[in-house]
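Excluded from the calculations below are hydrogen atoms, water molecules and symmetry mates; all remaining heavy atoms, backbone and side chain alike, are included.
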Amino acid sequence: MAHRAWSEVEEEMLVTNLTSLVDQGVWQAENGFHSGYLGVLENQMRVSFLEAGIKQNHIEGKIKKWKRDYFYLDAMLRSPGFGWNPNENKLVVENDVWNEFIRDCPQLRHFRDMEFPKCDRWGHCFVRQEN
């Protein structure tokens, strides 16, 4: 998967378009999205960012990262000692709980001080919606 640097405006448009596909109710499958959704998103992104060259593989990589981050956050928030600050869109956790956690998951060390302003919309997109 090709890596690309996304601007905040591009990310915002992608999550808005992805949310719209979910809200339409036809793109979400049992374990993700039906085939063809990446082409739809690529076309939508091209309308707003004609010269950006955002392709399906870029979109797929960004969505996979968001999905992975969302499920890591969700798992942390289900663990004792973890909380959420909705004003800052950040994890809240005491140092001793955090230090114990990262002993087992050092790859998530950077989550401690990160902001996740799209977290609610990620949940809307990645958690299967019951009709």
Side-chain angles (χ1 to χ4, degrees):
M1 210 145 314
H3 176 74
R4 87 179 290 281
W6 288 74
S7 72
E8 182 60 37
V9 174
E10 291 169 340
E11 284 189 359
E12 183 61 35
M13 181 62 67
L14 180 58
V15 77
T16 297
N17 291 339
L18 185 62
T19 301
S20 178
L21 291 183
V22 170
D23 290 344
Q24 290 173 21
V26 296
W27 290 100
Q28 202 168 27
E30 192 63 37
N31 292 316
F33 292 91
H34 292 292
S35 64
Y37 85 101
L38 290 171
V40 172
L41 289 171
E42 179 182 13
N43 291 335
Q44 290 173 333
M45 296 299 288
R46 187 178 307 121
V47 168
S48 298
F49 305 102
L50 184 60
E51 301 297 320
I54 300 171
K55 301 293 184 193
Q56 290 182 32
N57 60 323
H58 303 129
I59 294 167
E60 182 179 29
K62 179 55 76 174
I63 290 172
K64 281 184 177 183
K65 181 188 181 318
W66 284 346
K67 189 173 185 178
R68 183 181 60 238
D69 288 354
Y70 175 78
F71 284 106
Y72 282 142
L73 283 170
D74 185 60
M76 284 184 232
L77 291 170
R78 292 175 190 270
S79 299
F82 283 84
W84 184 253
N85 179 331
N87 297 321
E88 295 182 10
N89 297 302
K90 293 173 79 171
L91 289 167
V92 177
V93 60
E94 295 294 326
N95 287 338
D96 57 333
V97 173
W98 181 253
N99 291 334
E100 185 175 323
F101 175 79
I102 61 168
R103 255 184 253 127
D104 293 331
C105 302
Q107 73 276 17
L108 300 180
R109 179 181 304 275
H110 64 284
F111 276 46
R112 175 85 188 260
D113 297 315
M114 284 183 69
E115 292 181 19
F116 297 93
K118 296 170 186 65
C119 189
D120 288 342
R121 291 186 286 168
W122 293 345
H124 179 74
C125 293
F126 304 137
V127 176
R128 176 81 177 137
Q129 307 297 314
E130 299 299 325
N131 297 331

Is there side-chain contact between [X] and [Y], with at least one heavy-atom pair below 4.5 Å?
| X | Y | value |
| --- | --- | --- |
| Val127 | Asp74 | no |
| Lys65 | Arg68 | yes |
| Asp23 | His124 | yes |
| Gln24 | Leu21 | yes |
| Phe111 | Asp69 | yes |
| Trp6 | Ile59 | yes |

Open item on the list: Are there over 12 heavy-atom neighbours, none belonging to Glu12, within less than 6.0 Å of that residue's CD?
Closed with: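 Buried by this count: over 12 neighbours within 6.0 Å.
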
Open item on the list: Test of understanding: clusters of I, L, V, M, F, W, Y form through side-chain heavy atoms closer than 4.5 Å, transitively. Do Trp122 and Phe71 belong to the same one?
Closed with: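 Same hydrophobic cluster.
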
Task: Considering all heavy atoms, the nearest Val97-Pro80 contact - done: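 Nearest heavy atoms, Val97 then Pro80: CG1-O, 3.8 Å.
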
Task: Heavy-atom closest pair, residues Leu108 and Phe101 - done: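 The pair with the smallest heavy-atom distance is CD1-CZ, 3.9 Å.
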
Distance, nearest 0.5 Å, that separates [atom1] of [X] from [atom2] of [Y]:
| X | Y | atom1 | atom2 | value |
| --- | --- | --- | --- | --- |
| Ser35 | Trp27 | OG | CH2 | 7.5 Å |
| Glu115 | Asn89 | CD | CG | 7.0 Å |
| Glu11 | Leu14 | CD | CG | 8.0 Å |

Open item on the list: Using only atom types and a distance under 3.5 Å, with no angle test, would you say the side chain of Asn43 pairs donor to acceptor with the backbone of Gly39?
Closed with: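 Yes, the answer is positive, given that a donor and an acceptor are paired below the 3.5 Å cut-off.
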
- [ ] Decide, yes or no, whether a salt bridge links Arg4 with Glu10 under the criterion of side-chain N to carboxylate O below 4.0 Å.
- [x]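 Result for this pair is yes, salt bridge flagged.
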
Open item on the list: Under a 4.0 Å threshold between the charged nitrogen and the carboxylate oxygen, would Glu8 count as salt-bridged to Lys118?
Closed with: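 Result for this pair is yes, salt bridge flagged.
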
TODO: Give every residue pair that meets the ring pair (Phe, Tyr, Trp, His ring centres under 6.0 Å) criterion with at least one member in residues 34-54, sequence neighbours excluded.
DONE: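 Residue pairs passing ring pair (Phe, Tyr, Trp, His ring centres under 6.0 Å), neighbours aside: Phe33-Tyr37.
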
Open item on the list: Can you pull out every salt bridge (charged side-chain N to carboxylate O under 4.0 Å, His left out) where at least one residue sits in residues 97-112? Sequence neighbours excluded, please.
Closed with: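 Salt bridge (charged side-chain N to carboxylate O under 4.0 Å, His left out) check on residues 97-112 returns no pairs.
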
Task: Plane angle bin for Trp84 and Phe116 - parallel if under 30°, tilted between 30 and 60°, otherwise perpendicular - done: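 If you compare the ring of Phe116 with that of Trp84, the planes turn out tilted.
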
